[in-house]
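Residue numbers start from 1 in every chain, and the chains themselves are labelled A, B, ... in the order their sequence lines are given, proteins ahead of strands.
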Amino acid sequence: MSVELLKPELARIVRIKPMVEDHHLFQVRFEDAETVESFRHRPGQFVEMSVIGSGEMPISISSSPTRRGILEFCVRRVGRVTNALYRLPQNSLLGLRGPYGNGFPIEEMKGNNLLIVAGGLGMVPLRSLLWYALDNRRDFKEITLMYGCRSPAEMLFRYELETLTVRDDMSCLLTVDDKAGQEWDGNVGVATDLFAGVEFDAANTYAAICGPPIFYKYVIQKLLERGFSKGRILMSLERKMKCGIGKCGHCGIGGAKKLVCIDGPIFTYWDVVDMREVI
Amino acid sequence: MTRKIQVNRVARVEGYGGIQVEIADGRVKDVKMNILEGARFLEGLVGGRRFDEVPDIICRICAICSAVHKLTAIQAMEDALGVQVSERTALLRELLVQGGNIESHALHIYCLALPDFAGVASVIELNSTHPDTVAEGLRIKKLGNQIQETVGGRAIHPENAVIGGFGRLPVADDIKRLRDGMAQGLDDVQALLPFVRGLEMPDYREGSSVYVALRNGDKDFSFYGDRIVCSDGAEYPLSGYKELTNEFVVPHSNAKHSRHNGKPFVVGALARLTLNGDRLGGAARRAIDALGLVLPTTNILYNNHAQVVELVWALERGRDICERLLEMGLEQEKPVEVKARAGVGTGAIEAPRGTLYHQYELDEEGRVVKADVVTPTAQNLSAFEHDMRAMVESNQGDDDATLRLKVEMVVRAYDPCISCSVH
Amino acid sequence: MAKPRIGIYGLTGCAGDQLAILNCEDELLDIVNAVDLRSFSMASSSNPEGEIDVAFVEGAVCQQRDLDELKEIRSRSKLLIAIGTCAVWGGVAAARNDIDREKLKEKVYGPSGSFLESLPVKPLGEHVKVDLAISGCPIEKEELINSVASLLRGDLPLLVSFPVCTSCKMHEYECLLVKRGQLCLGPITRAGCEARCPGLNRVCRGCRGPVDEPNAASEVALLKERGFDRRDIINALATFAAPAEKLAEQIVGKEPACQSAQDASQAEKE
Amino acid sequence: MRIIKLKKEHLRDFVGSLSAFGKLYAPQARGEKSFVLKELKDLSNLRLDYRRTILPPKKFFNRPDETILNFSSDNGYQAAADANGGRRVLFGLHACDIKGLEILDWVMRDGYRDEKYFQRRERTAVIGVSCEPDESCFCLAMQADNVETGYDLFLSDVNSCYLVTVRTSLGDDMVNANQELFQEVGKDTIEAFKKKTHAHARKLDDMCDLSVSQMPELIELEYMSDIWKDYAKRCLSCGSCTMVCPTCTCYDIRDEVELDQQRGTRKKRWDSCFFPDYAAVAGGENFRAEAYSRFRYRYLHKQDGFVAKYGRSSCVGCGRCIEICPAKIDLRDVIKSIEGVT
Ligand SMILES: Cc1cc2nc3c(=O)[nH]c(=O)nc-3n(C[C@H](O)[C@H](O)[C@H](O)COP(=O)(O)OP(=O)(O)OC[C@H]3O[C@@H](n4cnc5c(N)ncnc54)[C@H](O)[C@@H]3O)c2cc1C
Ligand code: SF4
Ligand code: SF4
Ligand code: SF4
């Protein structure tokens, strides 16, 4: 075995599904059959994905550990490596290493209600948790998803999520800031508006949240108002990362008291509430 | 009837220059080498700068001859400040000059001039017809760069050369590597001789015929010299270069022109060989014979041949310098301490394209009061026009395209460095 | 995939960056084979020009002719890459834009040079949009080859952005500023040269231009503290990147930006 | 523990013999006033009078710039051969640097154990030597004036001889291979050693009036203080202090592809939290966009975050960052400013 911790394994893009503009879903399978078998991840974990020749970047695993074999990544095209990824045709090889990060504390969350609040691209890591919970439905009590996007055209996994709205074993609330003249007959308003009219048993609920920086501020405020204790608010943080394994230093928060890559990316609000430079 | 031959931008030369020829009723009316490269006024910009800053700035006149610009500036400053350098330094400097010369000559011969003779547009195309020649040429060119990197610290704008010596001396192993490279270079260049000998030379009558070069003592063929000699018999001390060059401004050129006694003159490889070639021995002498080069000649196209001879000489001379350095040993020595003082100093070294002069006047703080740089290409510009005219007159029967190529070949034979000429 | 159409151009400068390309003796043929070379007049007499994907432009804008050419190149290039310090920062020719061009002309060419047309020297970015800047006087071969390789993939090259001091430390060169009290610009100069000059016992003169956020005020102050002549400091800053570093003079001249600058100007008054 | 005596006249012979245990590195002069740890090819170049080397020994284990992987478009990624994996002997490290390596070990072990690092560590013998402090040293305040572990042998200068503490079996082998050079420690030497130790401690104590005991709290309290902004005005963000620090470990990763687009290398190079792009992410967000927030981060990390995680500051008081800062920023002054004791 190689002593090089930073060595990626080869994986193949089996399918590329364009979702919304500049967001594609990449279905990927490791080349090595044994790795396909042995790879295990928790919802909320991520991988370091390499586009051979261009570079490497952290990407959340968007598929649930309950769906094995193929890993799904939803990547937004923003810069150098993501652009390079978008140039790859189906069937191309990639490098993957991981899974990294702590992931959601599933064991602890079991037996509780689950509230998932996502904004924009924040749906990506939470989708893994959502499907994990739905596939292990009996492990959780009530499951609620609140997902807000700027416009219908920016809603990730829209089709998939709309099918959830008819399920009676969960409640799926979708909203857009603005219809922007597009076809949409759901809620209009920011994600926090969805809290209106929903009752929580805060003491028996875990809230998992992910979204853009400003989103955290408002959602956390709402959750605290509803009596959530800080330790039950779980959030996924994003920082610059190079190694993903706690060595390169870039993702330090609070004077590197915590490294997002190994201590996170999932933190409870309590973990970071007193920490500098977090939100 | 007027016939016009025009080249908007001469290709395969450094810098931006065009050619304009006008023939009216069978007579060549006008021949102009339009130097269009922008003026940077570097001589003006170094005003007020401390002496030790100047070589680093002024060498930016030209990349191809940056080593020799830097060393000529250093020489001028040392002249003004009364600095004597060690023998080791002097040898290393000459090695650096040879490095620049090898790189520049190889670049010119293989990449810029040969394509003309082979009827192709560039060295890239030449590579498909003559891959071995190109490989040899690039190898020699690379060696020239390695010498400059090893001795000068960088292939272009060699920062290691300073007033008083070098920042850091190369070590013996580096010099050995260069020496071995030079031996390989001498092998590589052999194949070129019959090839160049076989080239068909467009002919023309009465080219420029006054040649000027530096001359060193009474035995050496060298790029350094203690006096300036002209083929018309005139001789000047280095500091008297202005009497030779008499620079003046012409309206169609951003570069000044030079005339000696009212006549164009030629500097460069052909001039050096014409004036000092009898001092050559060894492989260089054999190269002259192998090329069938007959001197003197008034056909500037033989400057290409002369460069080949000098390339052979430079490789041999470079190898000898390396041997000498290895004998001496290469203990680190610090640059000579220099004290600022007022004075005027002149530097003159043969650059690949001909004699290069730098002169600086310093005040008591050692800051530049006045700077003057006369470059080889600027000296040659009048001769360019003279020779192009002769070429056109002798080949009027050619169609435009052929004639255009022939005047361009004249220009390229001079291996002009247009940035240098304007600076 | 079609080969990218490339043009290599030189405005006013020493041709060092074009020569640096030609100095890639081992890679040159691979490079040209991988691209559709549309223009490189320093090396070829066949220059079909036309629309190009990437234009590499060397040299600064010193005259109207440069400006016209630059705009023309820009108009038919998808990406325009400034190569070399002249193109990126102005280079040595831009050192004294404070001197009136007419005066300079008179000084160098005398009265008969009045026909010469000349502009205050500016880097490309002052006139047109520059998509990428590869600085260096001249550009470094390694950086060039890596950049070309990246561009061939369709990626923007990754260029070094940290200062020369960092490189100097990685090579464990003795600090000329701290240990020998010399006027070194390494702290505010963009690396990528592997700290060539300190490695040669020579100070960094800033030939690669400043880093993204140079603290020039502090550099000036610390040099003054060490007793350097104000003129030499300003000259040094203005050697290669005057258009950028003239700033330093202003910052320090008008309001001492930091403690040590204050001390220095205090000392000067006394 | 075994302690024996090596007469100074035997030092060279002993050092010379160490190359049997690996490539020998020792402090030597660089330039006019600097020192580096480099391969000792000529014993007469050994300089035990050095105060500190430009780079700390971390450079042997975490290289400034190295290729970690080779890749090709069809074969994926392969670990690059380790050019630094051979046996080595580092001779002449000071206590602070040995402590620095120990701290580095914690970081490299934490979470994912960096096997390559530990392979290099395990193949490297460390021989410490006592030191003479200078005005930039403050190891005492950082509890790094003495080390009990982290070395194979430690030589304490006692006038005409060294007391040699043998800490490991490998150290024992080194001594045994040269038995004739060593002697038992006599009473006089013990007395001399005590005196010297005492004097050394006194000297360190006199030199150092720094205390960092409340740093985490104070940094927390002074998080918004103007102190950071004042220092940041002087700080050049040149990165020097982080490069030379024995315990700074940040690195950047980049890919270099060859012209043929088929092959390339992945490289790792030291990075610094002072650089503007250190915490900048795609889309223009920068978690530490202001120079002062980056300046502050270094202290936040070394004197607060690290303490929270490992129970001590990651600074070992080697003084490198103080000596090398072109802007003359002295970490001790920053600490004192925060403590309000200037
Ligand atoms: C734990 C984690 C999970 C993530 N999951 C996803 C996901 O599922 N989908 C998605 O689209 N994006 C995700 N991101 C963000 C994604 O990593 C960046 O968008 C991506 O690195 C941008 O790379 P680039 O080369 O295109 O951009 P550039 O701006 O060119 O960035 C260059 C390099 O900087 C680093 N970098 C830049 N931005 C970020 C960033 N936001 N976070 C970390 N490193 C960065 C990377 O090493 C990157 O290769 C995640 C980030 C983290 C930290
Ligand atoms: S020598 Fe110059 S570049 Fe090197 S560390 Fe010192 S100041 Fe920085
Ligand atoms: S050290 Fe400075 S002057 Fe020298 S090459 Fe590098 S950037 Fe240019
Ligand atoms: S912070 Fe400074 S003194 Fe402390 S260990 Fe690092 S370099 Fe040495």
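Put simply, the side chain of C:Leu200 does not reach to within 4.5 Å of the side chain of B:Phe166, judged on heavy atoms. Contact annotation: the side chain of B:Phe41 approaches that of C:Lys105 to within less than 4.5 Å [non-hydrogen atoms, C-beta and beyond]. Residues B:Ser122 and C:Phe40 are not in side-chain contact: their nearest non-hydrogen atoms beyond the backbone lie 4.5 Å or more apart.
Distance SG/C:Cys193 to CD/B:Glu159: 10.0 Å, rounded to 0.5 Å. Here the CZ-OG1 distance, from B:Arg40 to C:Thr12, works out to 7.5 Å after rounding to the nearest 0.5 Å. For the atom pair OG of C:Ser41 and CG of B:Asn8, the computed distance is 11.5 Å after rounding to the nearest 0.5 Å. Rounding to the nearest 0.5 angstrom, the gap separating the CG atom in C:Leu37 from the CD1 atom in B:Ile124 is 5.5 Å. We find the CG-OG distance between C:Leu19 and B:Ser104 to be 8.5 Å, quoted to the nearest 0.5 Å. Between C:Cys137 atom SG and B:Arg60 atom CZ the span is 3.5 Å, to the nearest 0.5 Å.
Looking at C:Gln63, its side chain does come within 3.5 Å of a backbone N or O of B:Leu36 through a donor-acceptor pair. In terms of modelled atom types and a separation under 3.5 Å, the side chain of C:Ser45 and the main chain of B:Ala11 share no donor-acceptor contact.
Chain B forms the most heavy-atom pairs under 4.5 Å with one residue out of C:Pro138, C:Ser112, C:Cys24, C:Ala93, and that residue is C:Pro138. Ranked by heavy-atom pairs under 4.5 Å with chain C, the list B:Val422, B:Leu45, B:Ile58, B:Val120 is led by B:Leu45.
Salt-bridge check for B:Asp56 with C:Arg202: passed, with a basic side-chain N closer than 4.0 Å to an acidic carboxylate O. Taking a cutoff of 4.0 Å between a charged side-chain nitrogen and a carboxylate oxygen, C:Asp232 and B:Arg367 qualify as a salt bridge. With respect to C:Arg196 and B:Glu149, no salt bridge is recorded, no charged nitrogen being found less than 4.0 Å from a carboxylate O.
Of all heavy-atom pairs between C:Cys62 and B:Ala39, the closest is CB-O, 4.2 Å. The shortest heavy-atom contact between B:Arg49 and C:Ala95 is NH2-CB, 4.0 Å. Nearest heavy-atom pair, C:Cys207 versus B:Arg154, reported as atom, atom and distance to 0.1 Å: SG-NH1, 3.8 Å. The two residues C:Phe115 and B:Ser253 come nearest to each other via the heavy atoms CZ-O, 3.3 Å. Of all heavy-atom pairs between B:Glu53 and C:Ala236, the closest is OE2-N, 4.1 Å. Listed here is the closest heavy atom pair of C:Gly13 and B:Ser419: O-OG, 2.9 Å.
With a threshold of 4.5 angstrom between heavy atoms, B:Val162 approaches chain C through side-chain atoms but not through N, CA, C or O. At a 4.5 Å heavy-atom cutoff, the contact between B:Tyr16 and chain C is made by side-chain atoms alone. Heavy atoms closer than 4.5 Å to chain C are found in both the backbone and the side chain of B:Ile64. With a 4.5 angstrom heavy-atom cutoff, C:Ser118 touches chain B only via side-chain atoms. Neither the backbone nor the side chain of C:Glu106 comes within contact range of chain B; no heavy atom of the residue lies under 4.5 Å from a heavy atom of that chain. In this structure, chain C has no heavy atom under 4.5 Å from any part of B:Ala106. Neither the backbone nor the side chain of C:Asp17 comes within less than 4.5 Å of any heavy atom in chain B. In this structure, the portion of B:Leu112 lying under 4.5 Å from any heavy atom of chain C is its side chain and not its backbone. Using a 4.5 Å cut-off between heavy atoms, C:Glu140 contacts chain B through its side chain alone, with no backbone atom that close. Interface remark: C:Val92 contributes backbone and side-chain atoms alike to the contact with chain B (heavy atom separation under 4.5 Å). Residue C:Lys103: no heavy atom, backbone or side chain, is found under 4.5 Å from chain B. The parts of B:Asn160 that come within reach of chain C are both its backbone and its side chain, each placing non-hydrogen atoms under 4.5 angstrom from that chain. Contact of B:Arg9 with chain C is made through the side chain alone, with heavy-atom distances under 4.5 Å. Using a 4.5 Å cut-off between heavy atoms, B:Ser66 makes no contact with chain C at all. Using a 4.5 Å cut-off between heavy atoms, C:Leu104 touches chain B through backbone and side chain atoms alike. Interface remark: C:Ala60 contributes no atoms to any contact with chain B (heavy atom separation under 4.5 Å). Of the atoms belonging to C:Ala43, it is backbone heavy atoms, and not side-chain ones, that fall under 4.5 Å from chain B.
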Throw together a table of side-chain donor-acceptor distances under 3.5 angstrom for residues 134-147 of chain B, partners on residues two or more places apart or in other chains.
| residue | atom | partner | partner atom | Å |
| --- | --- | --- | --- | --- |
| B:Arg139 | NE | B:Asp188 | OD2 | 2.8 |
| B:Arg139 | NH2 | B:Asp188 | OD1 | 2.7 |
| B:Arg139 | NH2 | B:Asp188 | OD2 | 3.4 |
| B:Lys141 | NZ | B:Glu103 | OE2 | 3.2 |
| B:Lys141 | NZ | C:Leu22 | O | 2.9 |
| B:Lys141 | NZ | C:Asn23 | OD1 | 2.6 |
| B:Lys141 | NZ | C:Glu25 | OE2 | 2.9 |
| B:Lys142 | NZ | C:Asp26 | OD1 | 3.3 |
| B:Lys142 | NZ | C:Asp26 | OD2 | 2.4 |
| B:Asn145 | ND2 | C:Asn23 | OD1 | 3.0 |
| B:Asn145 | ND2 | C:Glu25 | OE2 | 2.7 |

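In C:Glu142, the CD atom is not crowded: 12 or fewer heavy atoms of neighbouring residues, nucleotides or ligands sit closer than 6.0 Å. In this structure, B:Lys370 places its NZ atom where only 12 or fewer heavy-atom neighbours from other residues, nucleotides or ligands lie under 6.0 Å away. Within a 6.0 Å radius of CD in B:Gln332, more than 12 heavy atoms belonging to other residues, nucleotides or ligands are found.
Remark: B:Lys256 is positioned above the aromatic ring of C:Tyr109, its terminal NZ or CZ atom under 6.0 angstrom from the ring centre and at most 45 degrees off the axis.
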B:His157 and C:Cys14: side-chain contact (heavy atoms from CB on, under 4.5 Å), yes or no, with the steps?
CA-CA 10 Å; B:His157 306 317; C:Cys14 77; 3.3 Å; yes
